[in-house]
Structure formats: structure tokens, C-alpha cells
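Accompanying notes for the structure given below.
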Amino acid sequence: MEFELTPDQEQLRDAVREVLDVESPPEAARRVAETGQPAAEPWASAVRLGWPAISVPEAQGGLGLGMEELGLVFEELGAHLAPGPFLATLGLFAPLVREAGSPAQRERWLAPLAAGELRAAAAPLPGALWARPEGDGWRLRGEARFVLDGGDAEELAVVARLEAGDGLGLFVAPASAVRAESVEALDPSRPLAHLFFDDVALPADRALGAAGGAADAVARARDEALVAVSMETVGVCRTLFEITLEHAKQRHQFGVPIGSFQAVQHKCADMFVALEKARATGWFAMMCIAEDDPRRGIASAMAKAAAGACQRLVCKEGIQIHGGMGFTWESDVHLYVKRAKTGDLLLGSAREHRARIGELLLGVA
Amino acid sequence: MKLHYDPATEAFRAELRAWLDENRPTRGAMESEPSRSSAHIPDWSRAWQQRLFDAGWLVPGWPPELGGRSATPVQQLVYFEEMARIPVQRSYNPQGLTIIVPSLRDFGSDAQQERFVVPSLRAEVSWCLGMSEPGAGSDLAGLQTRADLRGDRFVVDGQKVWTSGAAHADWCFCFVRTNPDVPKHRGISVLLIDMQSQGVDVRPMAELTDRERADFNEVFFDGVEVPRENLVGEIDRGWPMATGSLAHERGMLWTSQAARLEHLVAELCAAARERGLDADPVFRERLAALHVDAQALKFMGYRGFARFARGEASPEHSVLKLLGSEVEQRLALEATEALGTEALDVEFAGFGLGVEESPPWARRYLFSFANTIAGGTSEIQRNIIAQRVLGLPRR
């Protein structure tokens with residue numbers, strides 16, 4: 001295995017980092033959290049620079065790059081607490097349409113998405129949403145809960161269980177057909193909504209893939225979504241760790257920096273190890289998806305588990321080492337903690353993914 | 001980023017694999033005389049190490065006259081991957097091959113290199129490493145074993161402890177205090193001490209796992225005379241060799257550590273299926289956590305290697321040593337607790353893969369402290385990460 005970025009990948013990562021350093025300071029996420037108003041930046045810059053096109057196929061006007069590049073971008077987005085529709089559109093919606101959509105459907109939704117003209121969201125895991133065929137089209141009833149950006153999107157990609165049989169269907173519903181109820185979310189800079197489908201009628205061209213045969217595409221898209229949110233969480237933890245380390249070097253007590261105490265040093269060393277583990281595991285999953293390796297399923301579960309374990313430690317020690325300041329609204333620490341916790345809890349926590357990995361290792365279920 | 005190597009590298013792997021299949025010692029030969037310590041080299045293992053040397057497979061990155069083939073960094077990595085797959089060590093005097101020979105190449109005189117390097121590589125000379133003392137463990141620079149220069153020889157008095165292989169080693173690469181009047185790091189030298197010298201007394205210390213097994217020893221020096229020409233490098237300038245030698249030790253250890261962890265996870269899975277533990281969701285989740293950490297260790301090793309191959313400094317050694325030893329310990333503990341009372345039988349043959357590969361888990365748990373303590377304790381590794389990698393201030 002070669003864990004080495006290509007020069008193009010390094011360049012992309014550095015360029016994204018430079019833009020976000022300017023356009024997405026922590027105050028941007030704070031402003032969204034405090035006002036509830038969406039931020040124009042860094043999304044506007046991202047669109048201007050073509051980032052939404054990164055993993056959209058070239059046929060739909062995208063750059064045709066893959067999970068490796070997208071993963072690097074998501075680490076930077078997380079590290080900068082970037083507000084905006086990045087994860088919902090690029091991490092969750094796009095892979096579902098790319099994996100299951102016909103050429104016409106890809107053109108319909110991915111081309112505007114690549115151009116930054118479509119606000120989309122997705123509920124990529126099967127839940128309490130049901131579909132039944134009706135005439136040429138479909139009827140959807142039930143709900144999709146905790147959908148990221150679910151109240152702000154124009155198009156919603158949702159996974160539904162078929163009422164007859166045990167297949168999965170994948171649909172793109174217009175937001176106008178669905179009732180959205182926003183959630184008072186742990187991270188106010190990351191809007192969540194419950195979506196209610198009250199016998200919503202959808203024409204056939206809004207069903208993706210074969211009727212009831214979406215399970216494969218849904219699983220493949222889920223792999224990508226898991227890795228995107230994992231790498232974003234790694235990025236969030238990276239910056240939280242950096243500011244914590246800086247605090248340990250600057251803050252003096254008993255006449256010395258608190259970072260000179262072994263108790264603090266060992267916490268920092270463990271945070272560093274957790275971060276390195278999560279990033280390396282994420283990179284492996286990025287490679288497995290980019291090369292379509294058969295290990296992609298377990299690798300993406302491992303990436304989510306490692307990112308979750310990382311945030312668990314980095315959040316805890318991040319607040320603790322900051323002491324009283326870390327307990328205040330004024331400090332940025334809570335912004336990172338809330339984003340990282342949300343990252344862990346979306347799409348299955350580390351705990352759930354470990355349960356799944358255990359089943360895969362032991363051949364259970 | 002790539003999951004697989006190019007065809008030329010895979011051809012290199014295939015050539016090595018074929019050679020190993022043809023040349024590695026048989027199980028029968030290995031069982032005829034098991035190695036009893038890290039400096040006990042049975043005849044079969046000497047012959048094996050010499051075959052590796054002659055074929056250029058002992059240290060592939062080195063030139064042919066030193067048992068290598070000037071292999072590229074990626075080829076060396078492939079080499080370690082393959083060596084980790086076979087149940088035979090390269091050398092049964094690992095500290096000689098991986099710490100002392102590289103240190104002699106870096107710091108030894110021409111005469112010392114001439115006398116020791118090739119014979120050590122050919123397993124004709126075995127080594128122990130004289131570092132820790134009763135009063136100098138993690139604080140190695142506090143060592144007190146004195147060496148006084150009198151005319152053309154040093155006279156050595158003092159005591160080493162935890163000296164692996166000392167009961168079988170021909171020579172000791174020994175850290176001694178040659179100047180007690182300067183700051184402690186600046187008065188340390190390295191001497192090559194013939195273990196047959198008058199005044200050397202070796203007392204084996206049985207390990208907690210097994211009263212019959214003793215790799216560790218106490219070594220006492222009582223007026224031992226060492227010719228001046230056996231001083232390595234300059235007098236009082238030995239400390240860089242202590243940090244340097246540990247770096248050699250940690251170099252690519254992660255490859256075998258990663259392979260061992262994968263093997264242990266596989267064994268634990270097999271054990272769990274045999275016992276019906278696979279139905280226990282608590283066990284499954286803990287197994288998964290260990291699997292993720294074991295795999296992460298491997299991925300981190302590869303990331304560090306990419307930096308190393310580019311010629312950049314890599315902070316990975318301490319991170320990998322810390323993580324690898326602690327994951328192995330957790331694994332043994334998890335297995336012990338999952339087995340319940342069964343684990344109390346330390347004669348228990350183990351599961352699936354044969355007795356030799358499967359010592360009882362409880363015994364393995366006890367033995368796991370060898371790795372969390374030796375070669376720099378986990379606490380020292382955390383200090384190193386905090387201070388040298390993260391730049392936190394020393395006290």
C-alpha cells in the first residue's frame with residue numbers, strides 16, 4: 001500500500017486550505033450558530049472555484065475525481081468548521097444519484113449540483129419511510145428523521161422500504177412535496193430537520209434504479225457518505241487538538257506552562273495518536289472506494305469507528321485542558337465539540353459501526 | 001495513494017517468496033533445538049542467517065558485501081511484509097542484527113567494523129546490549145557503571161539489569177560512565193566487552209510467565225579490564241548512540257508488530273467461534289475496536305514509511321511502539337476475560353493454529369508487559385510524543 005498523496009492531490013488540499021483560511025474562520029460558524037442565518041461563504045467561493053464538481057462525473061460537467069480528493073477536501077472543511085451545504089450535497093446526495101441514477105437523472109440533478117446551482121439533501125439510510133408503486137409512479141409515506149440541511153434543500157434523495165417485499169427504493173423528492181420540521185440541533189451551525197411524507201406522489205422519473213433493487217447502490221453511496229463525514233470529523237478534531245495544544249503551551253499556572261505537566265502531556269500524546277489513527281484509517285477507506293476494492297464496506301465502517309473514537313477523546317480532553325475557558329460560550333471550543341459530536345452521531349455512531357464490524361469479522365448475520 | 005504495488009515490485013516479492021519457500025528452516029530443524037534466549041543461536045539458525053546473508057536477503061537495503069542487494073525503500077518494505085508472514089525470525093540475535101551492527105557501522109572504528117560487522121551478520125558472534133541498571137531505567141542517562149581509563153585499558157565496575165540474552169552472548173555493547181563530573185548525558189561512553197572476561201558475572205532472571213525461561217539477566221562487572229581499542233566512537237560521547245540505537249530498534253518493527261496483531265485478531269475470531277462468543281454483542285464490539293486499532297497501526301506504519309521514503313523525518317516510531325504494545329496487551333486481556341475460567345488453565349493448548357503459535361492468553365497477557373516496558377516504557381513514549389513531536393515544554 002502506498003499512503004502518499006499525488007502532487008495534484010497535495011495541491012488541491014493546499015488550495016482548499018488557503019481559501020478556507022480566509023473565507024471560513026471559526027467566526028463564520030459562530031455567526032450561523034448565533035443568528036440561525038445561513039452563511040454565504042465559504043460556499044460562494046467553493047462554487048466559484050468548482051469544488052462542488054470534484055466528484056461529479058465529467059459527463060455531467062464535473063471533474064470526475066474520486067473519494068481520495070473528496071476526503072481531503074472534507075478534512076479541510078471540518079478543520080475550518082465550514083458552514084454550508086457541503087456535506088449534504090457532496091457527501092450524501094451526489095453519491096446516491098451517481099450510483100443509482102440513469103444518465104438522464106444524473107444530468108438532471110448532478111449537472112446543476114456541479115455548477116453549485118442545486119441545494120440538495122439526503123436521507124441515505126433506510127428508516128421509517130415506505131414506498132408503493134402506483135400507476136407509472138410511486139407513493140411515499142412515513143418520515144425521514146434528522147436529515148442534514150433537510151429544511152433548506154430543494155431536492156431530497158431518500159431511501160424507502162418497499163411496502164411489498166423487502167427491497168429498497170431510492171427516490172428524489174421535491175422539497176415542495178414534503179413537510180419539514182426543523183430540529184433544535186446540538187450544533188446550531190449544522191441544521192437538521194425531520195421530513196414527513198404524507199402519501200407523496202412521485203412520477204417514475206424520480207425513482208432511481210430498478211424498482212426495489214437499490215440496495216447495492218445505497219450501500220455504495222453509504223460507504224462514500226461515511227468516509228466524507230469521517231474525514232470531516234477528523235478535520236474538526238485536528239483543529240480542536242491544535243488549539244488545545246496551543247493553550248497548553250501558553251497557559252501558565254504555578255509559574256510554568258500547564259503543558260509541561262506530565263498529566264497534560266500524556267493526554268495530548270493520546271489525542272495525537274487517536275487523530276493519526278483516525279486519519280490513516282480514513283485514508284485507507286478513501287483508497288478502497290477510489291479503487292472500488294471489495295473491502296470498501298468494512299473499511300468505511302472502520303473509518304467511521306476510528307473517527308468516532310477520536311472525537312470522543314479529543315472533545316473530552318479538549319474541553320478539560322482548556323479548563324474554565326473551555327466551559328464558556330465565548331471560547332470556540334464548544335463549536336468544534338458540537339460539530340465533532342454531530343459527526344459521530346450522524347449515519348451511525350462509532351458504537352454502531354463497531355457492532356457491524358464485529359458481525360462482519362465473525363461472520364454473524 | 002494506491003492499495004497495490006507496481007508489477008516490478010510484485011515480481012520482487014514473488015522472487016523473495018520463492019526463495020523463502022526453498023530455503024527457510026524446516027519445522028523439524030527448529031524444534032530440534034529451540035532458541036533459548038535472544039542471544040542463543042542454535043546451529044540451524046546460524047545456517048539460516050548465513051543463507052540469508054549469502055543470498056543478499058539478510059538486510060536487503062545494504063550492499064551485497066553486507067548481506068544485502070541495495071534494495072529500494074519500497075522493496076525493503078515488501079521484504080519486511082514477507083518476513084512477517086513466515087514463522088521464522090531473520091536472526092535469533094535480533095539486537096545484534098538490528099541495533100548493534102548498525103551502531104557499529106555508524107560509530108565504530110575501521111578495525112571494529114572489520115572485526116565485528118560481517119561476523120555478526122553471519123551469526124558467528126552474538127551480542128547483548130548493556131543499557132538499563134538498577135538505578136537507571138527510564139532515566140537511562142543516570143547510569144552508574146564506571147569505566148576508568150588506566151593506561152591502555154578501561155577498568156569496569158558496576159551492574160546492568162534486564163540485559164536480554166546476556167547468558168548466551170559473546171559480547172556486550174555496553175554503556176558506561178567515563179566522567180562523573182559533567183552533566184549526566186555528557187559523561188557516557190560505549191565499550192565492547194568480551195563476556196568471557198575475568199570479573200563478568202551473569203545471573204539469569206526468570207520471567208513472570210515461566211520460571212524456566214530467562215531472557216533477562218543481571219550482569220555484574222567487577223574490575224573487568226577492557227582494551228582501550230574497544231571504545232566505540234569518542235570517550236564521553238556515547239549518549240547519541242543510546243538514542244540512535246533505540247531508533248534502529250524501532251525502525252521497521254511495526255511491520256512484524258502489525259502482522260502479529262492481525263494474526264492474534266484472527267486467532268481470537270477463531271476462538272470466539274469455537275466457544276460461541278460470536279453470539280455475544282459486547283464481545284463483538286470489543287473485538288471490532290481491537291481490529292480497528294490493529295489495522296490503524298498498519299496504516300499508520302505505511303503513512304510513516306511514505307514520509308521516510310521521501311527522506312523526511314518521521315515521528316512514527318514512538319506512536320507505533322506505544323499503540324502496538326498497548327493494543328497487543330488489550331487483545332490478550334480481552335481474550336482472557338472472554339474465555340473466563342478456561343483462561344486459568346495456562347497449559348491450555350489454544351485454538352486452531354497449533355500450540356506453538358498459541359500460548360495461553362493469560363500467559364500472553366502477562367508477557368505483553370515486555371513490550372509496554374522494554375525499549376522505553378509507554379509513559380516514556382508519551383513523553384517523547386508530547387515533547388519531541390508536539391513541542392510541549394520539558395520540566
Side-chain angles (χ1 to χ4, degrees), chain A residues 1-6 9 68 71 241 245 248-249 256-262 264-274 276-284 286-288 290-291 293 295 298-299 301-303 305-306 309 350-364, chain B residues 1-6 74 77 81 265-266 268-269 272-273 277-289 291-293 295-307 309-310 315-316 318-320 322-323 326 378-379 381-387 389-395:
Chain A
M1 283 186 281
E2 292 181 21
F3 275 69
E4 174 99 284
L5 301 183
T6 64
Q9 289 172 336
E68 291 175 4
F241 175 58
L245 195 60
K249 291 176 185 176
V256 293
I258 60 168
S260 67
F261 298 126
Q262 200 175 36
V264 175
Q265 291 195 347
H266 285 192
K267 284 177 193 282
C268 291
D270 286 338
M271 291 159 85
F272 176 72
V273 173
E276 290 286 303
K277 277 196 310 201
R279 186 183 291 112
T281 309
W283 279 27
F284 176 69
M286 281 152 54
M287 274 192 265
C288 284
E291 298 187 26
D293 188 271
R295 291 167 290 182
I298 191 167
M302 285 165 53
R351 201 168 159 277
E352 290 169 62
H353 285 283
R354 283 193 297 267
R356 165 118 184 89
I357 294 162
E359 289 170 0
L360 289 169
L361 287 175
L362 292 167
V364 180
Chain B
M1 292 194 227
K2 272 190 270 174
L3 288 172
H4 304 286
Y5 297 111
D6 61 41
V74 171
L77 184 61
E81 287 175 353
V265 169
L268 186 51
C269 288
R273 279 191 220 101
L277 282 168
D278 51 350
D280 174 355
V282 175
F283 173 78
R284 288 202 303 261
E285 198 202 328
R286 293 190 176 173
L287 173 75
H291 174 71
V292 171
D293 281 354
Q295 293 294 304
L297 174 87
K298 185 169 76 172
F299 304 146
M300 288 159 69
Y302 282 103
R303 279 199 72 208
F305 171 79
R307 272 175 239 159
R310 248 190 342 248
E316 248 66 13
S318 291
V319 173
L320 296 177
L322 174 65
L323 180 63
E326 296 203 334
S378 293
E379 289 69 31
Q381 304 306 328
R382 287 186 172 88
N383 289 354
I384 291 172
I385 293 166
Q387 292 164 13
V389 182
L390 304 178
L392 287 166
R394 298 177 70 103
R395 293 213 75 193

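Residues satisfying the side-chain hydrogen bond (donor to acceptor under 3.5 Å, both in side chains) test with B:Glu285, not counting sequence neighbours, are A:Arg354. The side-chain hydrogen bond (donor to acceptor under 3.5 Å, both in side chains) search around B:Arg273 returns none, not counting sequence neighbours.
Contact count versus chain B (heavy atoms, under 4.5 Å) is highest, among A:Arg356, A:Met302, A:His353, A:Glu291, for A:Glu291. In terms of non-hydrogen atom pairs under 4.5 Å with chain A, the most contact-rich of B:Leu323, B:Leu287, B:Asn383 is B:Asn383. Of the listed residues (A:Val273, A:Val364, A:Ile357, A:Leu361), the greatest number of heavy-atom pairs within a distance under 4.5 Å of chain B belongs to A:Leu361. Ranked by non-hydrogen atom pairs under 4.5 Å with chain B, the options A:Pro257, A:Gly363, A:Ser260, A:Ala280 are led by A:Ser260. In terms of heavy-atom pairs under 4.5 Å with chain A, the best-connected choice from B:Ala296, B:Ala386, B:Pro393, B:Ala288 is B:Pro393. Top candidate by heavy-atom pairs under 4.5 Å with chain A, chosen from B:Glu379, B:Arg394, B:His4, is B:Glu379.
In this structure, B:Arg303 places its CZ atom where more than 12 heavy-atom neighbours from other residues, nucleotides or ligands lie under 6.0 Å away. B:Arg382 CZ: more than 12 foreign heavy atoms inside a 6.0 Å radius.
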Worked check of side-chain contact (heavy atoms from CB on, under 4.5 Å) between B:Met1 and A:Glu2: CA-CA 5 Å; B:Met1 292 194 227; A:Glu2 292 181 21; over 6 Å; no
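If you measure heavy-atom distances from A:Glu276 to chain B, the contacts under 4.5 Å come from both the backbone and the side chain. Contacts of B:Ala272 with chain A are made by side-chain atoms alone, with heavy-atom separations under 4.5 Å and no backbone atom involved. With a 4.5 angstrom heavy-atom cutoff, B:Leu3 touches chain A via backbone and side-chain atoms both. Both the backbone and the side chain of A:Glu359 come within less than 4.5 Å of a heavy atom in chain B. Using a 4.5 Å cut-off between heavy atoms, B:Leu297 makes no contact with chain A at all. For A:Gln265, the parts sitting under 4.5 Å from any heavy atom of chain B are the backbone and the side chain alike. The part of A:Arg295 that comes within reach of chain B is its side chain, from C-beta onward, which places non-hydrogen atoms under 4.5 angstrom from that chain.
The distance from the CG atom of B:Leu392 to the CD atom of A:Gln262 is 12.0 Å, given to the nearest 0.5 Å. Note that the CZ atom of A:Phe284 and the CZ atom of B:Phe299 stand 4.0 Å from one another [nearest 0.5 Å].
At least one donor-acceptor pair closer than 3.5 Å links the side chain of A:Thr281 to the backbone N or O of A:Lys277.
Side chains of B:Glu326 and B:Ser378: a donor on one and an acceptor on the other come within 3.5 Å.
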